[in-house]
Amino acid sequence: MIAILDFPTVLAASLSFPEKFGPFVAALIIEAIVAFVLYIVLFYLLRALFRQMESDAALVSLTVSRIPVLIIFILVSLKFSFRQLGPSPVIDVIQKAFSAFLVLTVTHLIARLFTEVVVYYLKAYARKSEAVWDDILIPILGRTIPVLAYLIGFSLFLQTFGVDLTGIGLALGSITVVLGLSVKEILSDFFGGLVLLIDTPFQFGDVIEMNGSMAVIKNIGIRVTKLYMIDTHCEMYTPNSALGGKDIINFSRPTPHFAYSANIAVRVDADPVTATKILREIVLGHPDTLGDLEEKLQYLDHFYGWDHAEPGKLSKREAGRLRVLAEIEVNKQLKKIEDEVEDLVNKIKSLEKGGLDKDELKIVLKEYIDVLDLVGLQVVTERKGKRVRYRLEEEVEPALKTTLIGYIRAWYDAWLKDPDLVVEDFNILPEEWEQKIDILKGKMNKLYQRMANPGGDETRLDDYAINFVAWLHENFKESKTLWKEPKIRLMDIQGSGMQFTVKFYVDNIRLEHWERGYRVSNEVRREMVRRLRQAYIYNT
């Protein structure tokens, strides 16, 4: 009790309180003023400046760091102010406490900036990228990096108080070896996930077949992959190591279009040509199958029972016609772009002998700008001092409506009027096509930069243009789908009937909660039976 009562006296004596209190208060006031000014500059003046920027990364970073930075200012001010009181055991303890909590605050700030700013923009980048690995790696980084940051920060926090972590490190090393032997299967799943990350046999949302069942990839975790089982409406969790060793059929690649087959029997005395014609008209008359769009418009009215419309919605026939007409405009524009790029390739080939000089590069660039006009992109010039930077941006309305980007958006807007779509499809379709548009803009911007500043690649510009057209065909949208036209084959003649096999493609099996293919194939088969009976050639 006496020791406790004497503590203030000892503290005052050790600090030489009367002599050092004045400098301490003065330093505290000055540092408080400096901290206040810096805070105002950072979080009020800079906020006004950041609001004018196109990207909100700086503004979000400022908002996230506001409270942590305020705490850092206070701790740093107190730390420097207490130095004026001179060295003493008590002051040393106080200084260590300030340093320790400063470490924790900085750690918390780094973790929040990573999760709320870096990961957010990495995800935005991943949506504009064709690579699959980033879609898997970024969520894993978002979960692991903050944990590592906090572990490192807590270690530094203990070291600030003089805690020796050498013994703890050795103990943790020993425990890690023991745990490694006991959790080797978990480690196997972890490295199995890394293999899936490298091989990228699928991505989120892909429809796959595994063990005879259709499933959707929902999430690839550190240890397990989460699947949604379509037929049983449940989730299944498969260890990554087991998934990596299975044969997987990916229905979503190279496109979400999926082929279905239907077997149908007609009477043996029927005209095979007439039967083939009827079957072809039926498949082409369905708006949700692939085929010649002009023929679809012709046969769409023959499909039975599509005139009914629910209140506030279009009938299936009206919605189908609207979508087909919109897709025709998309394909026409794609064909114009393909023809323009082919002309551009021929122009480059004729000019590139011996390299391209400045005048020839201007000719090539002018031809490419014509392609940009068809897509709906324009060149924007940015000047920063003496530096001039060019980038591509979408044209403004109403000019954008008559470009590829405008036609694409009008097409998926028409598609969204389909009465068979479910609620989630109103997100799936725009996300799918806006991601493709973003990738298209990125590729065209890269090609523009190469043509504007080819460097040593001036003789390869034609190759880059050819690769771009190939990408349009394979990964964006085909202007023609001749090989995906319905195929009707007479397979067998036996007894009293002829057996036909009809193969056709359904446009996007991801829609309608992955039930679209079943619905379309059922409607096509039902119409086949009806029309063949109507023609008196159906064989039961």
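Only this structure's heavy atoms are used, side chains among them; waters, hydrogens and symmetry mates stay out.
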*Ion pair Lys218/Glu235, N-O distance below 4.0 Å*: no
*Verify the distance criterion only: is there a donor paired with an acceptor across the side chains of Lys477 and Asn331 at less than 3.5 Å?*
yes
*So which heavy atom on Leu334 is nearest to which on Leu472, and how close?*
CD2-CD2, 4.3 Å
*Can you check whether Trp306's main-chain N or O pairs, donor with acceptor, with Glu318's side chain at less than 3.5 Å?*
no
*Which residues pass the ring pair (Phe, Tyr, Trp, His ring centres under 6.0 Å) test with Trp415, sequence neighbours left out?*
Trp411
_Tyr260 and Ile509: CA distance, side-chain angles, deciding distance, side-chain contact (heavy atoms from CB on, under 4.5 Å) verdict_ = CA-CA 11 Å; Tyr260 285 85; Ile509 61 167; 4.3 Å; yes
*Could you tell me which non-hydrogen atom of Leu400 sits nearest to which non-hydrogen atom of Thr403, and how far apart they are?*
O-OG1, 2.6 Å
_Quick one: does any side-chain atom of Arg267 pair with a main-chain N or O of Tyr536 as donor and acceptor, under 3.5 Å?_
yes
*Is there a donor-acceptor contact under 3.5 Å from the side chain of Arg450 to the main chain of Arg460?*
no
*Do Arg323 side-chain atoms and Pro287 backbone N/O form a donor-acceptor pair below 3.5 Å?*
yes
_Salt bridge flag under 4.0 Å for residues Glu393 and Lys441_ = no
*Consider only side-chain N and O atoms of Thr289 and Lys296, and report whether a donor and an acceptor are under 3.5 Å apart.*
yes
*Between Arg409 and Glu434, is there a side-chain N and carboxylate O pair less than 4.0 Å apart?*
yes
*Do His473 and Phe468 have ring centroids that are under 6.0 Å from one another?*
no
*For residues Met498 and Ala270, report the shortest heavy-atom separation together with the two atoms involved.*
CE-O, 3.3 Å
*Is there a donor-acceptor pair closer than 3.5 Å between any side-chain N or O of His257 and the backbone N or O of Asp507?*
yes
Without placing hydrogens or testing angles, list every side-chain donor-acceptor pair under 3.5 Å for residues 366-376, not counting sequence neighbours.
unit_1 : atom_1 : unit_2 : atom_2 : d
Tyr368 : OH     : Met444 : O      : 2.7

*Say whether, by atom type as modelled, one donor and one acceptor occur between the side chain of His286 and the main chain of Asp288 under 3.5 angstrom.*
yes
*For Tyr304, does the OH atom sit with more than 12 other heavy atoms under 6.0 Å from it, leaving out its own atoms?*
no
_Nearest 0.5 angstrom please: Leu404 CG to Glu329 CD, how far?_
11.5 Å
*With rounding to the nearest 0.5 Å, note down the distance linking CG in Leu490 to CZ in Phe500.*
4.5 Å
*Plane angle bin for Phe251 and Phe258 - parallel if under 30°, tilted between 30 and 60°, otherwise perpendicular*: perpendicular
*What are the two closest heavy atoms between Pro486 and Arg280, and how far apart are they?*
O-NH1, 4.0 Å
*Could you tell me whether a side-chain N or O of Asp425 sits under 3.5 Å from a main-chain N or O of Ile428, the two making a donor and an acceptor?*
no
*Could you tell me the separation between the NZ atom of Lys443 and the CG atom of Asp438, rounded to the nearest 0.5 Å?*
13.0 Å
_Please report the interatomic distance CG(Asn508) to CG(Leu421), rounded to the nearest 0.5 Å._
9.5 Å
*Can you say whether the rings of Phe476 and Trp433 are parallel (under 30°), tilted (30 to 60°) or perpendicular (over 60°)?*
perpendicular
*CD of Glu340 to NZ of Lys336: how many Å apart, nearest 0.5 Å?*
9.5 Å
*asked:* Among residues at least two apart in sequence or on other chains, which ones pass side chain to side chain donor-acceptor pair (under 3.5 Å) with Lys335?
replied: Asp339
_Residue pair Pro419 / Ala319: nearest heavy atoms and the distance that separates them_ = CD-CB, 3.9 Å
*Sort out for me which residue in Arg516, Arg317, Arg321 forms a salt bridge (charged side-chain N to carboxylate O under 4.0 Å, His left out) with Asp418.*
Arg516
*asked:* Regarding Ser315 and Asp307, do their side chains bring together a donor and an acceptor under 3.5 Å, going by distance alone?
replied: no
